[in-house]
Novice: 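One structure, as structure tokens, below. Some questions next.
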Amino acid sequence: MSAEVAAKRRMRSAADQRMRALVGATVTLLDIDVFFEQVDWVAVVHADGNGLGGLFQRAPEVLGDAAMVAELSRRVQAAADAALRAATAQVPARRARGGSDRSALALVPLVVGGDDLTVLVDGSAAIPFVQSYLVEFGRATRNDELIRRVNDGRGLTAAAGVAVVKPHFPFSAAYGLAEDLCRNAKGTLADLPVGVPAHAVDLHVLFDSVVSSLETLRGRVELATAPGLDGALSLHERPFLLAAADDGPLPADTTYRDLGTVLRRAAAVAGCANGRGDGAVVTRSQLHALREELTVDVGRAERRFADLWRRASESGSPQDRGVLAELAGSRGDPPGLVRPVSVDHRRWSTPLFDAMELADLTVGAKTR
């Protein structure tokens with residue numbers, strides 16, 4: 001046995017004890033080999049705090065004591081630990097090894113240090129997990145007087161990247177993608193106006209087994225010239241944003257990317273997919289047709305959407321009208337399926353693709 005392997009084995013017990021302390025003494029986590037057997041989708045989640053470098057650069061001047069700077073580091077770690085503990089409540093339990101009645105959470109912590117987090121989690125719970133983690137990290141740091149003192153009276157925010165892949169997909173590539181997504185989310189936060197704290201999360205669901213860069217993957221859903229539209233069309237609206245509580249709402253021109261709003265759209269689509277009887281105006285097949293038409297002829301897709309809006313209004317079905325209202329890009333009567341995202345109306349986006357993809361991903365997610 002090599003020295004490296006022997007050292008890892010010696011630390012295994014201490015690491016297990018630390019994880020149990022983090023997620024709760026009564027919580028059991030799946031072994032990593034069992035995890036890959038139990039889940040349909042693997043989400044590699046990488047989260048990182050924003051502005052920590054600047055925080056610790058300011059700390060010596062503000063606190064004036066090395067011991068207090070060390071305490072600040074401990075407080076940030078405690079906030080991240082509390083966020084992870086809260087986020088585990090969003091992870092579904094699976095059957096543990098050996099066919100016993102014992103269940104364990106489909107969560108595998110890989111890196112838990114400071115504000116740096118990397119975990120494997122059941123793909124169906126990835127978004128609720130990340131949302132809970134970001135909210136709790138912001139709340140815990142906002143409630144800490146020492147952190148606020150160094151951070152101009154505010155708590156901290158964080159960004160996360162989520163790469164959702166099949167269990168057989170190469171882990172190193174999925175981890176690299178999650179890092180790139182997290183970096184992309186951080187870049188979005190840098191574009192917000194000064195004094196508007198927010199969290200951000202970027203996500204990509206990889207349906208094939210080919211390893212590709214984030215730039216290549218996003219290029220497939222970015223149409224430089226969209227048929228039937230005067231300008232470029234983005235078939236997604238990521239990264240998503242989440243306002244830091246008690247620090248004011250998101251800027252008006254970014255609220256369409258608010259994570260809560262996005263999840264509400266996904267829930268509407270998921271409801272549309274289930275329990276619709278004959279005579280329903282908005283069906284899953286109609287939504288698929290809309291999605292396909294957007295890549296071929298935006299004008300035709302807009303006409304189909306307007307026709308669905310008219311028929312839903314005439315039918316008097318609140319569910320039909322509600323789904324379409326959630327998926328509307330620009331407002332009006334009838335509303336449009338795409339929305340302008342630049343002042344000169346040369347860049348457009350649509351909420352449809354995100355809503356459909358997240359609806360498929362989150363079906364079956366349960367809290368314990």
Side-chain angles (χ1 to χ4, degrees), residues 124-125 127-128 131 203 205 207 221 223 226-238 240-242 249-250 252-341 345 347-367:
S124 67
I127 289 295
Q131 183 180 31
L203 171 143
V205 182
F207 290 95
V221 288
L223 307 180
L229 187 67
D230 184 20
L233 175 62
S234 175
L235 299 175
H236 71 93
E237 296 184 326
R238 306 170 197 180
F240 306 129
L241 300 172
L242 186 61
L250 293 172
D253 61 348
T254 66
T255 53
Y256 68 96
R257 292 161 58 191
D258 175 76
L259 183 58
T261 300
V262 173
L263 292 178
R264 192 177 66 236
R265 293 188 199 120
V269 171
C272 175
N274 299 307
R276 307 307 315 274
D278 292 339
V281 173
V282 184
T283 63
R284 202 54 182 267
S285 61
Q286 288 279 13
L287 296 182
H288 279 290
L290 279 171
R291 184 166 62 180
E292 290 299 317
E293 285 181 346
L294 276 172
T295 64
V296 178
D297 188 331
V298 176
R300 190 165 68 192
E302 288 280 52
R303 289 191 293 273
R304 179 189 288 269
F305 191 75
D307 181 62
L308 288 173
W309 183 267
R310 176 187 57 79
R311 290 165 54 197
S313 300
E314 293 173 352
S315 72
S317 167
Q319 184 173 2
D320 284 327
R321 188 67 176 262
V323 172
L324 295 178
E326 291 292 349
L327 295 177
S330 58
R331 298 301 172 182
D333 194 6
L337 189 55
V338 299
R339 76 173 98 247
V341 291
H345 285 204
R347 292 174 51 246
W348 302 72
S349 72
T350 178
L352 178 63
F353 280 61
D354 289 335
M356 293 185 69
E357 188 166 278
L358 293 184
D360 290 337
L361 181 65
T362 57
V363 167
K366 297 178 181 177
T367 59

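All residue numbers refer to positions in the sequence shown, counting from 1.
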Novice: Find the distance between CG (L250) and CG (L242) and round it off to the nearest 0.5 Å.
Specialist: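 Separation between the atoms: 7.5 Å.
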Novice: What heavy-atom pair brings L294 and L352 nearest, and what distance separates the two atoms?
Specialist: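 Closest heavy-atom pair between L294 and L352: CD1-CD2, 4.0 Å.
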Novice: Taking the side chain as C-beta and beyond, is there a heavy-atom pair between P227 and R300 under 4.5 Å?
Specialist: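 A side-chain contact is absent here, since even the closest heavy-atom pair is not under 4.5 Å.
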Novice: Over all heavy atoms of both residues, which pair between A270 and A359 is shortest? Give the atoms and the distance, please.
Specialist: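 Of all heavy-atom pairs spanning A270 and A359, the closest is N-CB, 3.8 Å.
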Novice: Might you point out which heavy atoms bring A226 and L233 nearest each other, and give the distance in Å?
Specialist: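 That would be CB-CB, 3.7 Å.
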Novice: Ion pair present between D354 and R257, side-chain N to carboxylate O less than 4.0 angstrom?
Specialist: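 Salt bridge absent between D354 and R257.
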Novice: Is any side-chain heavy atom of R238 closer than 4.5 Å to a side-chain heavy atom of F353?
Specialist: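 Counting from C-beta outward, R238 and F353 never come under 4.5 Å.
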Novice: I need the minimum non-hydrogen distance between P335 and A328, along with the two atoms involved.
Specialist: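 Looks like CB-CB, 3.7 Å.
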Novice: About how many Å separate OG of S330 and NE2 of H345, when rounded to the nearest 0.5 Å?
Specialist: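 Nearest 0.5 Å value for the NE2-OG distance: 9.0 Å.
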Novice: Mind checking the OG1-CD spacing from T254 to E237? Nearest 0.5 Å is all I need.
Specialist: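 Atom-to-atom, T254:OG1 and E237:CD are 11.5 Å apart.
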Novice: Locate the shortest heavy-atom distance separating A268 from E326; write the atom from each residue and the value.
Specialist: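 Closest approach of A268 to E326, heavy atoms only: CB-CG, 4.0 Å.
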Novice: For a side chain to side chain donor-acceptor pair (under 3.5 Å) check, start with the C-alpha distance between W309 and D333, then their side-chain angles and the critical distance, and finish with the verdict.
Specialist: CA-CA 9 Å; W309 183 267; D333 194 6; 3.0 Å; yes
Novice: Decide yes or no for F207 and E357: does some side-chain heavy atom of the first lie under 4.5 Å from some side-chain heavy atom of the second?
Specialist: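 Yes; the side chains approach each other to less than 4.5 Å.
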Novice: What residues form a side chain to side chain contact (heavy atoms under 4.5 Å, CB included) with R347, not counting sequence neighbours?
Specialist: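 Testing R347 for side chain to side chain contact (heavy atoms under 4.5 Å, CB included), a comparison that skips the adjacent residues, returns V341, S342.
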Novice: Is any side-chain heavy atom of V269 closer than 4.5 Å to a side-chain heavy atom of L327?
Specialist: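 With C-beta onward as the side chain, the pair touches.
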Novice: Are side-chain heavy atoms of T255 and T261 found at a separation under 4.5 Å?
Specialist: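 Result no, sub-4.5 Å side-chain heavy-atom pair not found.
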Novice: Quick one, L203 and L358 - any side-chain contact, counting heavy atoms below 4.5 Å?
Specialist: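 A side-chain contact under 4.5 Å exists here.
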Novice: Nearest 0.5 Å, what's the CZ-CG distance between R303 and D297?
Specialist: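 With rounding to 0.5 Å, CZ (R303) is 6.0 Å from CG (D297).
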Novice: What residues form a side chain to side chain contact (heavy atoms under 4.5 Å, CB included) with Q286, not counting sequence neighbours?
Specialist: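 Side chain to side chain contact (heavy atoms under 4.5 Å, CB included) list for Q286, sorted by chain: T283, R304, L308, R311.
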Novice: Out of curiosity, F305 CZ to L287 CG, how far, rounded to the nearest 0.5 Å?
Specialist: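 If we round to the nearest 0.5 Å, F305:CZ and L287:CG are 9.0 Å apart.
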Novice: Measure the spacing between OH of Y256 and CZ of R265 and express it to the nearest 0.5 Å.
Specialist: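 Rounded to the nearest 0.5 Å, the OH-CZ separation comes out at 9.5 Å.
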Novice: Determine the minimum heavy-atom distance between L337 and P351, stating which atoms define it.
Specialist: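 What the structure gives for the nearest pair is O-CD, 3.5 Å.
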